[in-house]
Amino acid sequence: MYSTSDLKKGLKLMIDGEPHVIAGFDFSKPGKGQALYKCKLRNMITGALFDRTYRSGESFVPAPLEERDMQYLYQDETGYVFMDTKTYEQVSISEKTLAEDKYFLVDNMEVKVLMFGEIGIGITLPNFVNLRVTMAEPWVKGDTAAGNNKPATVATGYNLQVPSFVEEGILIQIDTRTGEYVTRVKE
Amino acid sequence: MATPNWALAAKKRRLTERARILTEIRAFFVADNFLEVETPYHIPSNAPEPYIDPQPCGNWALHTSPELCMKRLLAAGYERIFQLCHCWRAEEHGSKHLPEFTMLEWYRSNCDYRQLMQDCENLLTVLAANKNITYQGQQIDITPPFEQLTLKQAFINYAPLSLQQAINNNCFEEIYDRHVEPKLGNTKPTIIYDFPVSMASLAQVKKGDPLHAERFELYVAGLELANAFSELTDPEEQRRRFNADEQQRRSAGKAPYPLPEPFLRELDNMPPSSGIALGIDRLVMLLTDADDIQQVVTFCPQDL
């Protein structure tokens, strides 16, 4: 069990029978009265974000979550399908739940899938992923000034800023934590 | 070579401003004939406040405020005193709270809390160079006089229910936090006064109004900066209130707390006085446009 003094950003707990993560936390003691613990909570299944305020003395059940090593297989009408590398069990996660993470999935990529019972509620990607540029404006010769970025699109449909010398067909490395261009990959 | 602590290095502008503020505060009080004092941090007992938990330290505790020792100085004839010190309150952490923080307290004999309202006006005027503070995009005019609102009127102006309804429904804190505080001090600093006696354990009851205490809080840009009152000087009444507070602490399952007997003994000699506690970290937040208390202190517990 957690008490109010355990509440902080990132803590995962059960609320109304579903796992939630604290996305924002603050503390106040208005008028020198009782302490208030103000949480911005995200429902880890639906993604819904809402505010809830607690007083000292309340207690919380930790969310029973488990991380499993899985491999990304393919996308179908149910969402994105992953396979447990030990049990070969398959789990589908909806596009909405994956949010931005869907842009960084490559076939056969090894990821960690966060499970609530039999439901996949999120993934942890490798920090870097290589993706091929499918759309970018051509390089204007002589434009080598650092900081001259231009928009580009990669194979998964993700849009980002890349240096001016990056052209269509080139493989680039992206940091999945920030979504930003890292370097050009030599093939 | 280790990576430099950039986050700490980036605090330099605010820490430099913090040092200037502390220097100016000292000069302000010294110029008004106040004596700067230091009282022990490590004490056998704090005032038994139901909603403030001391940090235990050996068999004693760290002070949650220098209040009791400051009042013993008043009782011994020190008429104008101030102190800048660290205070500890267990488990208080958030964007405006640290479990160890810096407090300014000042006390005056032979005056009531109205004099402290003027002190606040004068102090802020000295600290804010051009009579204006810009905080998180809003401009606050700090030319005196500050806005004054009773707590009851603040609820009428900003809350969906009255102060009495909020108290009766046991949701005073929630309503005050959500509806009232964010509206206070946004164009001019706001002084909220006339707190119910039940919310002011160390304050004098208002003359001619037994339901209210002579207590006020100062708000600027929704930030509670200071809490002040005309001090209760009746030792018997103070003991009764401490016992009631201690009872409330124990029934909430908190550790028993010895009463501060030397303070209660000497309170009899204390002249009519008033005192105020002002959070220095929040003042620096306000004057350096910081939205989190961590930005205005060198280190927080998690940095150590």
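All values derive from a computational prediction rather than experimental measurement. Throughout, protein chains are lettered first and strands after them, A, B, ... in sequence-line order, and every chain is numbered starting at 1.
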Enquirer: State, with a plain yes or no, whether a side-chain heavy atom of A/T53 is found less than 4.5 Å away from one of B/E173.
Expert: no

Enquirer: Which answer fits B/E174, side chain, backbone, both or neither, if we ask what part of it has an atom under 4.5 Å from a heavy atom of chain A?
Expert: both

Enquirer: So with a 6.0 Å cut-off around CD of A/E167, is the heavy-atom count from everything else above 12?
Expert: yes

Enquirer: With a 4.5 angstrom heavy-atom cut-off, is it the side chain or the backbone of B/I192 that approaches chain A, or both, or neither?
Expert: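 Neither part.
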
Enquirer: May I ask you to list the residues in residues 87-113 of chain A that approach chain B closer than 4.5 angstrom, counting heavy atoms only, ordered by number?
Expert: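 No residue falls under the 4.5 Å cut-off.
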
Enquirer: So what's closer than 4.5 Å to chain A heavy atoms on B/E217: side chain, backbone, both or neither?
Expert: side chain

Enquirer: Is A/R55 atom CZ crowded by more than 12 heavy atoms from other residues, nucleotides or ligands, each under 6.0 Å away?
Expert: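 Yes, enclosed.
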
Enquirer: Count the heavy atoms belonging to other residues, nucleotides or ligands that lie under 6.0 Å from CZ of A/R68, then report whether that count exceeds 12.
Expert: yes

Enquirer: Which one of B/E224, B/R178, B/R215 has the most heavy-atom pairs closer than 4.5 Å to chain A?
Expert: B/R215

Enquirer: Sort B/E49 into side chain, backbone, both or neither according to what part of it lies under 4.5 angstrom from a heavy atom of chain A.
Expert: neither

Enquirer: At a heavy-atom separation under 4.5 Å, does B/N170 approach chain A through its side chain, its backbone, both, or neither?
Expert: both

Enquirer: Enumerate by number any residue of residues 2-35 of chain A whose heavy atoms lie under 4.5 Å from heavy atoms of chain B; in the absence of such residues, state 'none'.
Expert: A/S5, A/L7, A/F25, A/D26, A/F27, A/S28, A/K29, A/P30, A/G31, A/K32, A/G33, A/Q34

Enquirer: Measuring heavy-atom distances to chain A, does B/N227 have an atom under 4.5 Å in its side chain, in its backbone, in both, or in neither?
Expert: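 Side chain of B/N227 only, per the 4.5 Å heavy-atom cut-off to chain A.
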
Enquirer: Evaluate whether atom CD of B/E237 has more than 12 neighbouring non-hydrogen atoms of other residues, nucleotides or ligands under 6.0 angstrom away.
Expert: yes

Enquirer: Which answer fits B/H93, side chain, backbone, both or neither, if we ask what part of it has an atom under 4.5 Å from a heavy atom of chain A?
Expert: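 Contact with chain A is through both the backbone and side chain of B/H93.
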
